[in-house]
A.B. asks: 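Dumping the structure here so I can ask a few things about it.
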Amino acid sequence: MNILEVTDLSINFGGVKAVQNVSMRAEKGSITSIIGPNGAGKTTFFNLVSGIYKPTSGKVMLDGEDITSLKQHEISHKGISRTFQNIRLFNQLSNLQNVQSALDARANYNVFEAVLGLPGKRKKDKENRERSRYFLDLVDLGDVAEERPNSLPYGKQRRLELARALASEPKLLMLDEPAAGLNPTEVEEFIELIRKIQGVFDLSILLIEHRLKVVHTLSNHIYVLNFGELLAEGNSEQIQANQEVIAAYMGEDED
C-alpha cells in the first residue's frame, strides 16, 4: 500500500515550468529517493507535497486522503514532516526546546490553560520535555540537550533537525539533502542512523540527496527528475544502468 501518491503534479512560475506532470508513489515503510541535477525541480516538488506551494495542476494523496488543497500546517497535522536543504533551527532556544517546539505545536491545551499555566498545561509540558529528550537520545544528542544549536558542529545540527522532525511523529518523513556538508565518516553514521530510525518507527521516508552512496544504499525505489520532468524510475541497479540518467546527471560519485 502507498503512503504517498502524486499524480500529474505541475507548477508554473510565470512562464517557467518548474515541475511538469510528475507522478510518483511511495510505499508504506519504504525509503523513496528523488535525484537529479541542480535545478531539476526536486525541492520545488517537496514544497508542493508539503504545502509550501500550491500546484498549478495535479493531485497529492497522503495515506489515501487528498491533501492537495490543504495549508502547510494542516498537511503537517495529517502526518508529513520535513527537513530543509538549509538547516532551520532556533538558535535562541536550547536543543531540547528546538525538539519540543514540534511537540508544543500539536499540544491540545487551550489558550486559557496556557495563559494561566493551569495543571493541564504543566502536565503536557512535562510530557513534551520527556518525549523531546527521547528523540535527542535517539540521535545521540542527549548530552547536549541544554546547549544551543549554534554551539554544535554542522553534522550534529543535521541530527538535531532530524530529531525535531521525528518529534511530530509523522507518517511520511521528507528529508531534503540531509547528508549535504557531511564528511565521509558522518555520511556512514547518517546511513546507520536512518536504518536505526526505520527499525524503531513505522516510518516512510522521501529523500532528496546528491550523495549517491546514501541513495543507493538506502533506497527501495528511485525517481530521477530533469528540467522539472520525470526522466526515469526504478531500483538502484536499474537507475545506475540507465543511459539517459547517466547522460543527464550521474557521472562519478564523489564517494
A.B. asks: Do H221 and S33 come close enough that some side-chain heavy atom pair is under 4.5 Å?
C.D. replies: no
A.B. asks: Relative to each other, are the rings of F135 and F201 parallel, tilted or perpendicular (30° and 60° limits)?
C.D. replies: parallel
A.B. asks: So that I can tick it off, tell me whether K71 and E74 are bridged by a salt bridge, with the cut-off set at under 4.0 angstrom between side-chain N and carboxylate O.
C.D. replies: no
A.B. asks: Salt-bridged, R25 to E233, with N to O below 4.0 Å?
C.D. replies: yes
A.B. asks: Can you find a pair of side-chain heavy atoms, one from N220 and one from N235, that are under 4.5 Å apart?
C.D. replies: no
A.B. asks: Between Y53 and F46, does the ring-ring contact (aromatic ring centres under 6.0 Å, His included) criterion hold? Intermediate values first, please.
C.D. replies: CA-CA 9 Å; Y53 298 153; F46 259 36; over 10 Å; no
A.B. asks: Hey, is the main chain of F190 close enough, under 3.5 Å, to the side chain of R159 for a donor-acceptor pair?
C.D. replies: no
A.B. asks: Supply the atom-to-atom distance L162 CG to L175 CG, rounded to the nearest 0.5 angstrom.
C.D. replies: 6.5 Å
A.B. asks: Does E161 come within less than 4.0 Å of R88, counting only side-chain N to carboxylate O?
C.D. replies: no
A.B. asks: Under 4.0 Å between a side-chain nitrogen and a carboxylate oxygen: does that hold for R82 and D176?
C.D. replies: yes
A.B. asks: Would you kindly check if the NZ (Lys) or CZ (Arg) of R129 is within the cone defined by 45 degrees around the ring axis of Y134 and under 6.0 Å from the six-membered ring centre?
C.D. replies: no
A.B. asks: Does any non-hydrogen side-chain atom of P184 lie less than 4.5 Å from one of E188?
C.D. replies: no
A.B. asks: With side chains defined as the heavy atoms from C-beta onward, is the minimum distance between P149 and N95 less than 4.5 Å?
C.D. replies: yes
A.B. asks: Can you check whether L93 reaches R148 side chain to side chain, under 4.5 Å on heavy atoms?
C.D. replies: no
A.B. asks: I need the K196 NZ to I191 CD1 distance, nearest 0.5 Å.
C.D. replies: 15.5 Å
